[in-house]
Amino acid sequence: MLSHYWKISDKTNLNTNVAYQIGHIANSRIDYQLANNPDPTYYKNLPSYYLNSQTYYQPGTNPDGTPSLDDQGNPVFVNPTAITAQTNFVNDGQINWNKIYYTNAVVNQGGKSAYVVYEDRTDDKLWSANSILSSTLSDNINMNAGISFKKLRSRNYQKLTDLLGGSYFEDIDPFYQGDLTQSDLNNPNRRVVEGDSYGYNYYLNAITFDGFTQFKFTYKKVDFYLGQSFSRSEYQRDGLYRNGIYASNSYGKSKSLVFENFGFKGGLTYKITGRQMLDFNGVYMTKAPNLRNAFSNARINNNVTPDLVSESVVSGDASYIIKAPKFKGRLTGYFSKIQNSTEVSFFYGEGCL
């Protein structure tokens, strides 16, 4: 970050900053293809799965080998598979890494990995600049004004980090058929190794401009301030893969989303005495939606979240303040209302349509 401080006069100062920031966030997960889910809490690994299926029940036997019977002489059925699942979960309850390596290295003979470790990765590059002007206009009036600019380029992708005993992994989704299986139709049936990206790969670009002014007035009985703000945000997705499910709406740049927003705020402090005050503050503003909520499924397509608009915020508070030599207190009531906010969430459902 480079900062410049300029004392224009005894009453006016200008502070300007320019910054460049890079960094990444990586969350590791296990991926698998045409293999059993290794998660010990997966429903097929729990005893309840076998208890709910008649397939796994069989007649019980006594230690001497005779059939187990109830008081009415009927056979007693037991579920040894459920008992085994319960024992495994209680005694261990962890991922069976030996089984994973055995599957990749022995069963698959060190070829295609059935299991791999990958990262959901975000690599960000951010340019930012801002300038803030502070000036005393008179004995009773101070002014603050500022502008800021940000340009973000965020790459989001899956990065393969460990083949777990295999030699390659296929960049496909085996739950589908034909072209729908392809993560990238521009490079079909691609074999990926450690360090490669696969699955999804795209950029999110954002350019944001903000400006504000605030005037503060100070008098004997009353202090108050007024502020205004304006912002302009522009978002765009740039897909690097042509996903097989969204072949015509995943590769390349999406349409640009532009949001122009404004805000007003004000506050007043009334000095009842030197030790008692009433304080009031209020704001109305609009905000652009979060960049990552602007696209409904940015991993695989350019679709924009339906009915996407700017958020609106209305807020206010009022306080009674007392400052005595041996006692200080503050009683505050506030109100806040946020409308048109957007959140994108995901879930996994196993079943058929």
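Just so we're clear, the structure is a prediction, and the values are computed from it rather than from any experiment.
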Problem set entry | side-chain contact (heavy atoms from CB on, under 4.5 Å) between Glu343 and Ser345, intermediate numbers included | CA-CA 6 Å; Glu343 180 180 358; Ser345 301; 3.6 Å; yes
For this session: Give a yes or no on whether the backbone of Pro38 and the side-chain of Asn45 come within a donor-acceptor separation of less than 3.5 Å.
Result: no
Exercise. Under 3.5 Å, is there a donor-acceptor pair between the side chain of Asp173 and the main chain of Thr181?
Worked result: no
Exercise. Does anything in residues 285-313 pair up under salt bridge (Lys or Arg N to Asp or Glu O under 4.0 Å), and if so which pairs, sequence neighbours excluded?
Worked result: Asp120-Arg299
For this session: Tell me yes or no: between the side chains of Ser148 and Asn130, is some donor less than 3.5 Å from an acceptor?
Result: no
Seminar exercise, completed: Distance col, row Glu119:CD vs Asn27:CG, nearest 0.5 angstrom, shows 8.5 Å
Exercise. Any side-chain donor-acceptor pair under 3.5 Å between Asn243 and Asn301?
Worked result: no
For this session: For the residue pair Glu170 and Asn189, confirm or rule out a side-chain donor-acceptor distance under 3.5 Å.
Result: no
Exercise. Would you say Asn15's side chain and Asn13's backbone share a donor-acceptor pair under 3.5 angstrom?
Worked result: no
Exercise. Pairs in or reaching into residues 94-115: which pass ring pair (Phe, Tyr, Trp, His ring centres under 6.0 Å), with residues at least two apart or in two chains?
Worked result: none
Problem set entry | Under 3.5 Å donor-acceptor, Ser254 side chain and Arg237 backbone | yes
Problem set entry | Straight-line distance of Asn187 CG to Asp184 CG, nearest 0.5 Å | 4.5 Å
Problem set entry | Working for side-chain contact (heavy atoms from CB on, under 4.5 Å), residues Tyr225 and Asn142 | CA-CA 9 Å; Tyr225 68 90; Asn142 291 312; over 6 Å; no
For this session: Output the distance between atom OH (Tyr56) and atom CD1 (Ile83), rounded to the nearest 0.5 Å.
Result: 15.0 Å
Problem set entry | Between CE on residue Met143 and NZ on residue Lys216, distance to nearest 0.5 Å | 15.0 Å
For this session: Sorted by first residue and then second, give each side-chain hydrogen bond (donor to acceptor under 3.5 Å, both in side chains) pair with at least one member in residues 28-37; sequence neighbours left out.
Result: Asp31-Tyr198, Tyr32-Asn37, Gln33-Lys112
Exercise. Residues two or more places apart in sequence or in another chain: which of them pass ring pair (Phe, Tyr, Trp, His ring centres under 6.0 Å) with Tyr251?
Worked result: none
Exercise. In chain order, what residues pass the side chain to side chain contact (heavy atoms under 4.5 Å, CB included) check against Lys255, with sequence neighbours excluded?
Worked result: Leu257, Val304
For this session: Identify, with sequence neighbours excluded, every residue that meets side chain to side chain contact (heavy atoms under 4.5 Å, CB included) alongside Ser319.
Result: Asp279, Asp317, Ile321, Arg330, Thr332
Problem set entry | Contact list for residues 142-165, test salt bridge (Lys or Arg N to Asp or Glu O under 4.0 Å), sequence neighbours left out | none
For this session: Please confirm whether the backbone N or O of Ala85 pairs with a side-chain atom of Asn88, one donor and one acceptor, at under 3.5 Å?
Result: no
For this session: Name all pairs fulfilling the ring pair (Phe, Tyr, Trp, His ring centres under 6.0 Å) condition that reach into residues 255-275, sequence neighbours left out, sorted by first residue then second.
Result: Tyr235-Phe259, Phe262-Phe264
Exercise. Between the side chain of Asn17 and the main-chain N/O of Ala129, is any donor-acceptor distance below 3.5 Å?
Worked result: no
Problem set entry | Criterion side-chain contact (heavy atoms from CB on, under 4.5 Å) on Ile300 and Tyr202, from CA distance to verdict | CA-CA 8 Å; Ile300 58 176; Tyr202 64 95; over 6 Å; no
For this session: Give a yes or no answer on whether the side chain of Asp70 reaches the backbone of Asn74 with a donor-acceptor pair at less than 3.5 Å.
Result: yes
Exercise. Sequence neighbours excluded, which residues qualify as ring pair (Phe, Tyr, Trp, His ring centres under 6.0 Å) partners of Phe217?
Worked result: Phe224
Exercise. From Leu46 CG over to Asp39 CG, what is the distance, rounded to the nearest 0.5 angstrom?
Worked result: 8.5 Å
Problem set entry | Main-chain N/O of Tyr50 paired with Asn79 side-chain donor or acceptor, under 3.5 Å | yes
For this session: Could you name each residue pair satisfying salt bridge (Lys or Arg N to Asp or Glu O under 4.0 Å) that touches residues 124-148, not counting sequence neighbours?
Result: none
For this session: State which residues pass salt bridge (charged side-chain N to carboxylate O under 4.0 Å, His left out) with Lys271; sequence neighbours excluded, sorted by chain then number.
Result: Asp223
Exercise. Is there a donor-acceptor pair under 3.5 Å between the side chain of Ser167 and the backbone N or O of Gly110?
Worked result: yes
Exercise. Are Asn293 and Thr342 close enough that a side-chain donor and a side-chain acceptor fall under 3.5 Å?
Worked result: no
Exercise. For residues 301-320, which residue pairs qualify under ring pair (Phe, Tyr, Trp, His ring centres under 6.0 Å), counting only residues two or more places apart or in two chains?
Worked result: none
